[in-house]
Amino acid sequence: MIRKANLSYQNLDGKAVSESIRADLKARIAALGGKPTVLATILVGNNPASETYVKMKGKACEAIGMTSKKIQLPENCTTDMLLRIIDECNSDPKIRGILLQHPSPTQIDERAAFDRIAIEKDVDGVTAFGFGRMSLGIPSYPACTPAGIMRLLDAYNIELSGLHAVVVGRSPILGKPMAQLLLNRDCTITVCHSRTKDLPGHVKQADLVVAACGKPEFIQGDWIKPGAIVVDAGYNPGNVGDVDFKACAERASYITPVPGGVGPMTITMLLAHTVESAEKAK
Ligand code: NAP
């Protein structure tokens with residue numbers, strides 16, 4: 001259902017969609033009957049950006065009646081210490097989701113830590129097992145940003161089947177799971193990265209572009225096929241995404257603004273996955 005060129009674009013309003021999902025989650029938390037649903041957030045070290053993200057997640061939990069248990073570990077924490085904390089969270093029945101804030105200090109074996117999270121509490125989609133299940137289309141909690149993008153596209157009833165989707169970026173939390181989720185919905189996928197030759201040529205083929213490269217306003221307006229859907233997962237200093245919004249909007253049918261597009265959907269999916277985990281446990 002891609003619209004024809006020369007029609008004006010429509011914003012994919014992640015803020016509005018998030019608000020409506022969060023209202024539903026609030027009611028579902030209340031229906032769980034008073035026992036606290038707990039999201040454990042684990043932060044290792046003192047990275048100020050990570051501290052802000054964890055704080056935002058804690059606030060979002062409280063706003064829907066969920067409890068967040070903030071676990072702060074010292075900068076010199078070892079992998080063994082972290083694994084012990086994750087084991088405690090795994091065996092605590094009140095904790096329904098575990099979020100280990102990325103990035104961890106370099107002495108930490110982050111892959112080992114992610115993979116220690118019990119699959120049923122992997123609400124941030126970071127375990128290798130969860131990634132495999134997601135890729136195979138088996139029920140799982142996919143990484144929250146790509147999950148949020150899928151939910152946002154669905155909220156606008158965008159028909160994905162048959163679209164050529166070009167994903168710019170291949171990180172484990174964003175580009176790779178994004179490509180898998182779109183493939184599972186019958187898109188034809190091209191994944192681009194820093195070694196891709198002729199990136200503009202690939203993007204020009206896209207019915208749907210997902211920008212996830214961490215480069216401010218990198219995707220140019222004249223790369224966009226008229227009528228394409230443009231999803232900007234980027235978030236860079238100065239409140240700009242990975243897409244040149246103004247220029248791309250001139251050619252797009254739908255586009256996500258920054259801020260207010262993909263960003264709010266990410267935390268909402270973390271909440272949604274935790275509520276689902278609590279409902280399953282009940
Ligand atoms: P990342 O781990 O740094 O990965 C960036 C990806 O972009 C890599 O795969 C890299 O390729 C690729 N890339 C870099 N330069 C490129 C170029 N010139 N051409 C094509 N591809 C290029 O970043 P990330 O964690 O996936 O995040 C990506 C963006 O999303 C950032 O702006 C970040 O702030 C944002 N983000 C937003 C949210 C949210 O909630 N809204 C959540 C997470 C991330 P190589 O693999 O070859 O290095």
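All of these numbers come straight from a predicted model, not from anything done at the bench. In what follows, every heavy atom counts, from backbone to side chain, and hydrogens, waters and symmetry copies are set aside. All ligand and atom numbering here is 1-based and tracks the order in the structure.
Under the 4.5 Å side-chain criterion, counting only non-hydrogen atoms from C-beta, Ile149 is not in contact with Met265.
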Derivation of the side chain to side chain contact (heavy atoms under 4.5 Å, CB included) call for Gln72 and Asn46
CA-CA 9 Å; Gln72 170 107 42; Asn46 317 305; 4.0 Å; yes
Going through the distances and angles, do Thr41 and Ser68 end up as a side-chain hydrogen bond (donor to acceptor under 3.5 Å, both in side chains)?
CA-CA 7 Å; Thr41 60; Ser68 93; 5.1 Å; no
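Closest approach of Cys89 to Ile98, counting heavy atoms only: CB-CD1, 3.6 Å. A pairwise comparison of heavy atoms in His202 and Val166 identifies O-CG2, 3.6 Å as the closest pair.
Taking a heavy-atom cut-off of under 4.0 Å, ligand 1 is surrounded by Thr145, Val168, Gly169, Arg170, Ser171, Ile173, Leu174, His193, Ser194, Leu199, Ala212, Cys213, Gly214, Lys215, Phe218, Ala233, Gly234, Tyr235, Asn236, Asp242, Gly263, Thr266.
Look at Glu51 and Lys55 and you find no salt bridge, because none of the NZ, NE, NH1 or NH2 atoms lies under 4.0 Å from a carboxylate O.
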